[in-house]
Number of protein chains: 2
Amino acid sequence: MARRRQSVTIKHVAADAGVSLQTVSRVINNEPNVRPAMKERVQASIDKLGYTPSIAAQRMSGSRSYLIMALNDRERTIADWRERRGTDWVDQMLLGGMLTCAEHGYRMIVELIDTHSDHVERELSAALMALQPDGVVLTPPHSENALITGLLADRGIPFARIGSIAPGPGFALTMGDARNAFDATRRLIELGHTRIGMIAGPDAYSLSAWRVEGWRQALSEAGLPHEGLCAAGDFGFESGSDAARTLLTQDDPPTAIVASSDQMALATLDVARELGLSVPRDLSVVSFDNTPIVRFTDPPLTAVDQPIAETISRAVELIIRSRSDAAPDAVIDVEGSLVERGSTAPAPHLKGVKRA
Amino acid sequence: MARRRQSVTIKHVAADAGVSLQTVSRVINNEPNVRPAMKERVQASIDKLGYTPSIAAQRMSGSRSYLIMALNDRERTIADWRERRGTDWVDQMLLGGMLTCAEHGYRMIVELIDTHSDHVERELSAALMALQPDGVVLTPPHSENALITGLLADRGIPFARIGSIAPGPGFALTMGDARNAFDATRRLIELGHTRIGMIAGPDAYSLSAWRVEGWRQALSEAGLPHEGLCAAGDFGFESGSDAARTLLTQDDPPTAIVASSDQMALATLDVARELGLSVPRDLSVVSFDNTPIVRFTDPPLTAVDQPIAETISRAVELIIRSRSDAAPDAVIDVEGSLVERGSTAPAPHLKGVKRA
DNA sequence: TAGTGCCTTGTGAACGCTAACAATGACAGG
DNA sequence: CCTGTCATTGTTAGCGTTCACAAGGCACTA
């Protein structure tokens with residue numbers, strides 16, 4: 001009820017140390033021209049009174065807000081929540097991003113915005129005004145949204161596009177999706193598979209396209225077919241079931257499937273079981289993301305490890321550092337890897353497996 | 001580089017509408033005494049210019065910050081991240097809390113603080129000053145920390161204690177841990193189990209104690225023993241393995257185990273496999289939390305559904321509403337439930353199962 | 001008609017902090 | 001000894017918003 005003002009302000013510190021406000025401000029911000037003795041005296045007062053600057057006031061006077069805004073797709077986030085899916089992105093983002101922010105004295109705040117909405121610009125603008133972040137991390141599919149990147153570039157706010165390979169304004173951080181899909185497919189080919197299916201992600205995500213591209217290229221190089229072997233989902237479990245069913249119930253079904261997300265791979269395991277196929281004996285499955293869940297499935301999933309947390313962490317560092325350096329837009333490639341578990345095996349010798 | 005001031009401020013709106021700043025402010029805050037015609041005119045200017053208030057400035061002048069701070073245990077969060085565990089709390093909190101905040105025009109920001117540190121007060125104080133949140137959500141084990149609750153109560157900041165049943169300052173929101181543990185144990189007894197083990201959480205969490213209490217009470221009521229059947233972990237996978245091993249390698253091992261977290265239940269499945277025990281034939285397992293992962297294990301886990309997201313959501317609503325109403329401290333009980341899956345079955349008929 | 005009160009709008013001051021500039025002092029070079 | 005330069009500190013104004021209060025308008029009453 002009682003509107004409580006800031007308990008200890010810079011004014012109190014200044015009074016206690018017997019100096020001007022500005023001097024205290026200088027100490028707080030570690031500015032160069034302060035005599036060591038003075039600095040020490042002020043610091044003592046700060047410690048004594050337990051003073052911490054208010055970022056609201058700092059931001060007001062044109063300084064940093066020490067806030068990095070992570071922009072996430074609202075639709076997808078809500079869907080994840082409703083269906084009680086694991087939230088691969090959100091938690092990785094938070095953990096990787098928040099901890100890195102904290103290391104540098106920053107904070108991360110997650111903001112949800114609909115990508116497909118007509119109000120993207122409006123909403124983003126509002127969020128920027130309200131929070132005054134020093135930088136923004138864009139996750140797919142926002143990373144590809146020209147309205148968003150344009151607005152941020154216009155305002156001169158440093159930002160990073162996660163999972164986007166296209167050069168352009170801001171930092172682009174890719175996790176090598178094409179290469180990872182290529183390697184995973186290549187591995188399946190080495191295991192003797194000749195019909196290898198792909199469950200792609202939604203079109204709005206350019207990384208979906210890159211994964212499909214890697215898969216297709218590996219097949220081409222080996223002279224294997226890809227026609228009719230690709231079905232698309234939305235990264236979620238349900239859509240994965242549909243896609244897997246489509247692929248596995250066709251005339252000459254694949255003996256291996258690369259799924260563009262862990263959830264869709266889980267769905268593939270379910271569908272396989274339903275069709276009487278044993279994994280990995282009759283069907284090999286490789287998933288993308290390698291979120292914690294895949295270690296505990298039956299069988300544990302061979303997965304492409306997409307180092308999401310590390311990528312976000314890198315993004316945050318780039319943004320924070322870009323304040324001091326002149327910010328050169330750059331494309332950063334974070335290395336992924338294939339983690340082999342129990343869901344992949346040599347191709348079945350008996351061709352044309354019958355289903356239940 | 002160029003220090004960019006707020007693009008559209010209240011001043012621009014006032015000029016555009018030809019009124020004073022205060023009038024615009026009144027419209028923004030939906031204050032009563034504004035003539036409809038006036039309100040409409042100002043609103044038109046706001047829409048036209050795409051104006052959004054800066055929360056920094058709002059907070060500066062003593063108004064709300066529209067920020068709710070969620071306080072999480074830093075140690076545990078970092079551990080979750082390092083071990084690539086699923087983050088049951090963080091993502092549920094975010095999803096439940098953030099969405100509810102958004103509905104009311106608020107934002108949620110997650111702040112990590114070490115509970116065991118000597119600097120709790122210091123860190124919390126700093127966070128409060130920096131962010132000026134309108135309310136705070138405390139998750140275990142912070143919910144039990146008198147230093148934290150005391151400080152918040154002193155400052156008159158509304159806050160909620162998640163997973164704490166003790167009355168005291170702030171809202172207490174419990175998920176009925178004791179009752180849920182009781183029900184789960186009761187169910188195992190109905191299935192004919194007579195030796196039922198418990199893998200408890202760490203002492204710092206009072207909900208650990210409540211779960212143990214529920215388990216013990218169910219056993220007592222049925223005249224079953226509990227001595228030597230409880231081992232403690234830290235909610236994480238590794239500690240769960242140790243605890244499960246301790247319970248299952250004793251002379252007269254339990255035929256059913258209630259684990260205080262999904263991760264520890266997963267570990268129990270692993271240890272059972274390692275010892276040559278088949279779940280649920282030789283051993284029934286019930287877990288706590290019901291995070292998404294438990295649907296996909298082998299076998300799928302019977303789990304106590306702790307409605308974390310809903311609880312956080314309730315907490316946020318209480319906090320937001322407490323601004324207007326006089327805030328009566330209250331204890332809210334959110335109903336949990338038992339979700340039966342494949343990891344529970346009637347007690348094995350052959351007693352004294354030998355292990356490999 | 002003047003007085004009373006409410007409803008509506010406007011006016012300064014303040015919130016906590018920093019940028020820009022001014023002022024002070026020390027020290028070196030001429 | 002004077003002057004210029006640099007390092008250090010202080011002073012003023014302003015960031016965008018709301019609070020407390022003042023002022024004006026109108027309707028109704030006496």
Side-chain angles (χ1 to χ4, degrees), chain A residues 1-42 45-46 49 51-67 126 128-132 134 323, chain B residues 1-42 45-46 49 51-67 126 128-132 134 323:
Chain A
M1 198 86 309
R3 169 98 307 109
R4 212 166 282 270
R5 295 284 166 197
Q6 181 108 356
S7 31
V8 183
T9 75
I10 201 172
K11 215 179 275 183
H12 300 122
V13 177
D16 185 81
V19 296
S20 75
L21 301 180
Q22 187 56 31
T23 303
V24 178
S25 171
R26 285 188 180 107
V27 172
I28 296 166
N29 296 293
N30 244 311
E31 285 180 29
N33 293 332
V34 183
R35 243 186 319 165
M38 177 93 293
K39 184 166 177 175
E40 204 169 319
R41 178 150 63 109
V42 172
S45 291
I46 291 177
L49 301 176
Y51 164 78
T52 324
S54 142
I55 61 166
Q58 288 186 314
R59 184 67 221 192
M60 280 288 309
S61 51
S63 168
R64 275 170 282 187
S65 65
Y66 294 97
L67 230 50
L128 291 177
M129 298 227 185
L131 296 171
Q132 311 266 10
D134 289 341
R323 254 193 59 87
Chain B
M1 199 82 313
R3 169 103 303 113
R4 213 166 283 269
R5 297 281 166 198
Q6 183 108 355
S7 30
V8 182
T9 75
I10 201 173
K11 216 177 277 182
H12 300 122
V13 177
D16 184 80
V19 296
S20 75
L21 302 181
Q22 187 56 30
T23 304
V24 179
S25 173
R26 285 187 180 105
V27 173
I28 297 166
N29 296 292
N30 244 310
E31 284 180 30
N33 296 331
V34 183
R35 243 185 322 166
M38 176 94 295
K39 184 167 177 173
E40 205 170 318
R41 177 149 61 107
V42 172
S45 292
I46 291 178
L49 301 177
Y51 163 79
T52 323
S54 142
I55 60 165
Q58 287 187 313
R59 185 67 222 192
M60 280 286 309
S61 52
S63 167
R64 276 169 283 186
S65 65
Y66 294 98
L67 230 48
L128 291 178
M129 298 222 184
L131 296 170
Q132 311 266 10
D134 289 342
R323 254 195 58 88

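Residue numbers begin at 1 in each chain, while the letters A, B, ... track the order of the sequences.
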Among D:dT11, C:dT9, D:dT17, which nucleotide sits nearest the side chain of B:Ser54?
-> D:dT17
Tightest non-hydrogen contact, residues B:Val34 and B:Lys39, listed as CG1-N, 4.0 Å
Which nucleotide in the set C:dG16, D:dT9, D:dC21 lies at the smallest distance from any side-chain heavy atom of A:Thr23?
-> D:dT9
Which atom names give the shortest non-hydrogen contact between A:Ser65 and A:Ile55, and what distance separates them?
-> O-CD1, 3.7 Å
Rounded to whole Å, CG of A:Asn33 lies from C1' of D:dG10 at a distance of 14 Å
Report yes if a side-chain nitrogen or oxygen of A:Arg35 is closer than 4.0 Å to either non-bridging phosphate oxygen (OP1 or OP2) of D:dT9; otherwise report no.
-> yes
CZ of A:Arg59 versus P of D:dG16: gap in Å, rounded?
-> 11 Å
Compare side-chain N and O positions of A:Tyr51 against OP1 and OP2 of C:dC17 and report whether any pair is under 4.0 Å apart.
-> yes
B:Arg59 side chain to B:Gln132 backbone, donor-acceptor under 3.5 Å = yes
Whole Å only: how far is the CD atom of A:Gln132 from the P atom of C:dG16?
-> 19 Å
Please determine if a side-chain N or O atom of A:Ser61 lies less than 4.0 Å away from the OP1 or OP2 oxygen of C:dC17.
-> no
Grab the CZ-C1' distance between B:Arg26 and D:dA20 for me, whole Å please.
-> 11 Å
For A:Glu31, does the CD atom sit with more than 12 other heavy atoms under 6.0 Å from it, leaving out its own atoms?
-> yes
Working to the nearest 0.5 Å, report the span between CG of A:Leu49 and CD1 of A:Ile10.
-> 12.0 Å
Give the rounded distance in Å between these two atoms: CE of B:Met60 and P of C:dT18.
-> 11 Å
Just how far, in rounded Å, is C1' of D:dC15 from CD1 of B:Ile10?
-> 13 Å
Of all the choices, D:dG10, D:dG16, C:dG16, which nucleotide is nearest to the side chain of A:Ala57 once you look at every atom?
-> C:dG16
What is the distance, rounded to the nearest whole Å, between atom CE of B:Met38 and atom P of C:dC7?
-> 18 Å
B:Gln58 near the nucleic acid: base, sugar-phosphate alone, or nothing, with a heavy-atom cut-off under 4.0 Å?
-> sugar-phosphate
Are OP1 or OP2 of C:dC17 and a side-chain N or O of A:Ser25 less than 4.0 angstrom apart?
-> no
Measure the distance from CD on A:Gln22 to C1' on C:dC21 and round it to the nearest whole Å.
-> 11 Å
